[in-house]
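For reference, the structure discussed in these notes is given below.
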Amino acid sequence: MRSSAANTKTNWWKYGVIYQIYPRSFMDSNRDGVGDLQGVIEKMDYLNDGTKNSLGVDALWLSPIFPSPMADFGYDVADYCDIDPLFGNLATFDRLVAEAHRRNMKVILDYVPNHTSDRHPWFIESRSDRKNPRRDWYIWRDAKPDGSLPNNWGSAFGGPAWEWDERTGQYYLHSFLKEQPELNWRNADMKAAMLDVLRFWMERGVDGFRMDVVGMLLKDPQLRDNPISKENPGPAHPNNLYYRQQHIHDQDLDEVHAIIREIRAVLDEYPERCGIGELWYALPRWIRYYGIHGDELQLPFNFRLMNQPWNARAIRQSVDELEEALPEFAWPNYVLSNHDAQRLVSRVGEKQARVAAMLLLTLRGTPTLYYGEELGMENAVIAADQMQDPQGLRLGTDQSRDYGRTPMQWTDGPFSGFSTIKPWLPLTQNYREKNVAAENSDPASMLNLFRTLIHFRKEHPVLQSGSYLPVDGESEDCFVFERIGDDEVYLVALNFSNKETSVHLPDGLTGQILVSTYLDGSLLLIRDDLKLRNDEGVILKVANNTAARQDE
Ligand code: GLC
């Protein structure tokens with residue numbers, strides 16, 4: 001059980017709510033069917049206008065907006081220090097930062113350090129000649145003597161991770177598409193150039209970076225084969241080498257932490273900048289990305305709740321394990337969906353998505369939400385010939401990430417108010433009911449639930465910084481915990497089932513329900529037993545705090 005005083009002036013990444021924008025799909029201001037930065041600016045009041053009418057988020061993370069051939073929709077960067085014309089230009093970006101800051105929102109960019117686009121000038125030089133000074137900025141290897149691939153590594157998007165370059169007679173490594181050649185972080189000049197990219201954006205006012213596959217930056221120098229995974233020996237798709245392997249030689253190397261410390265040192269050249277990492281590893285390996293001395297990332301993304309079966313026991317266990325494992329200096333965080341995942345509603349159901357919203361916004365740790373999650377947007381139905389995502393196109397339509405990347409739903413009008421022409425991906429089927437305009441006028445909508453919870457968290461600093469104490473509520477369908485501050489205690493009780501249930505509260509506890517996920521204002525006084533309706537979560541203000549109860 002741990003707590004730390006809320007300090008809203010520093011460590012903004014601990015106390016705020018992060019909102020992920022997938023810029024292609026947020027708002028199209030120039031009517032080309034693809035979202036853009038001007039669109040984000042136009043919708044900024046929706047995100048935070050300083051009042052409770054807006055969502056009230058504190059930081060915007062923009063998925064990649066840099067010049068790119070878009071083979072992987074921006075995760076193939078052709079210039080790290082500019083904006084793709086599809087999204088705007090540096091002047092638009094500067095305005096976006098100013099507009100965000102004016103509303104007290106931070107701006108987080110996506111830093112893609114593991115690979116560039118094959119059209120990046122660095123790679124064009126690198127592949128031009130074996131003697132080119134930039135040859136070593138990427139990972140080139142000869143074929144084995146029998147002409148075969150340098151090793152058995154697979155690409156996450158299917159097939160081997162090596163591509164033959166006819167002209168210079170070597171293979172280059174790509175853990176994703178062949179259009180995404182792997183950078184060589186063992187090359188000092190390349191490393192210096194990539195660290196300068198961080199400075200370039202921080203000079204423009206960027207407050208933090210979400211770092212793409214940051215655990216993959218170093219590879220085994222001997223390029224040894226990965227062992228085949230015992231858990232997953234056969235792929236769902238024949239093209240799938242990657243998921244059949246244990247990734248002990250192509251990622252999460254011990255040495256990578258030295259690089260991440262260097263990245264952090266660059267962030268620390270500027271005040272209050274935050275490093276967030278995309279890291280999928282098991283808890284003991286994952287936790288190391290905070291740095292043994294807290295000198296790596298402030299927020300290694302915690303995706304554990306996305307992989308759990310959706311029931312009270314599994315979710316509590318995941319939270320408890322994290323709380324247990326974190327060293328004193330490490331701050332927790334939680335994510336329920338993102339641009340690589342299914343929509344939350346499609347995963348857990350609409351009613352449980354409300355319980356999930358309360359969970360996310362009451363746990364100890366920074367919440368990140370994904371655009372449209374606040375509307376209860378669901379996976380879209382997308383015909384095979386409309387699929388865009390390279391992962392789905394290579395590994396099968398069930399692996400497509402398009403379902404959760406569809407246009408934001410602003411109104412029930414044509415193209416949901418996102419654009420005036422056909423958007424790059426289809427809308428979800430129920431956008432006429434699930435959109436900002438409709439949900440604004442429904443007091444119990446998902447949008448109003450998110451707003452209520454975000455503002456409640458803001459107004460009750462105990463929810464931001466109080467310690468976490470799980471409570472045994474004697475109901476296997478419920479996850480119950482307290483958030484404990486110096487003078488105040490809140491109790492959160494979440495019913496993960498579709499049945500009514502009763503939670504036994506700690507002896508002697510009395511309190512009042514302040515928020516229910518039903519948003520129906522039942523401000524009941526509670527003593528001993530708490531009745532929860534099906535799929536209901538509640539936040540209770542405890543009248544007599546834990547210490548006082550223990551004395552009783
Ligand atoms: C990360 C991104 C994903 C992208 C991949 C390659 O996993 O989240 O969208 O395709 O890296 O950059």
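In each ligand, atom 1 is the first atom listed, and ligand 1 is the first ligand listed.
Atoms of ligand 1 lying under 4.0 Å from at least one heavy atom of R401, given by number and element, are 3 (C), 4 (C), 9 (O), 10 (O). When each atom of ligand 1 is checked for a heavy atom of H115 under 4.0 Å away, the hits are 6 (C), 12 (O).
Within the 4.0 Å heavy-atom shell around ligand 1 one does not find Q391. Taking 4.0 Å as the cut-off, R210 counts as a neighbour of ligand 1 on heavy-atom distance. Remark: distances from the non-hydrogen atoms of R405 to ligand 1 include one below 4.0 Å.
Between R401 and D72, at least one side-chain N (NZ, or NE/NH1/NH2) sits under 4.0 Å from a carboxylate O, which counts as a salt bridge. A salt bridge links E125 to R134: at least one charged side-chain nitrogen sits closer than 4.0 Å to a carboxylate oxygen.
Between R288 and the options D295, D252, D254, a salt bridge (charged side-chain N to carboxylate O under 4.0 Å, His left out) holds for only D254. Among the candidates R186, R261, K219, the single residue satisfying the salt bridge (charged side-chain N to carboxylate O under 4.0 Å, His left out) test with E255 is R186.
The distance between the ring centers of F209 and W13 does not fall below 6.0 angstrom.
Scanning all protein heavy atoms for the shortest distance to atom 10 (O) of ligand 1 gives D72 OD2, 2.5 Å. The shortest contact between atom 1 (C) of ligand 1 and any protein heavy atom is with D212 OD1, 2.8 Å. In this structure, the protein non-hydrogen atom closest to atom 7 (O) of ligand 1 is E278 OE2, 2.8 Å.
Applying the 6.0 Å contact sphere to CD of E350 captures no more than 12 heavy atoms from other residues, nucleotides or ligands.
Nearest-residue assignment for atom 9 (O) of ligand 1 (options D76, D389, D340; heavy-atom criterion): D340.
Side-chain contact check for N302 and R304: at least one donor-acceptor pair (N or O, by modelled atom type) lies under 3.5 Å.
The part of F157 lying near ligand 1 is the side chain, judged by heavy-atom distances below 4.0 Å.
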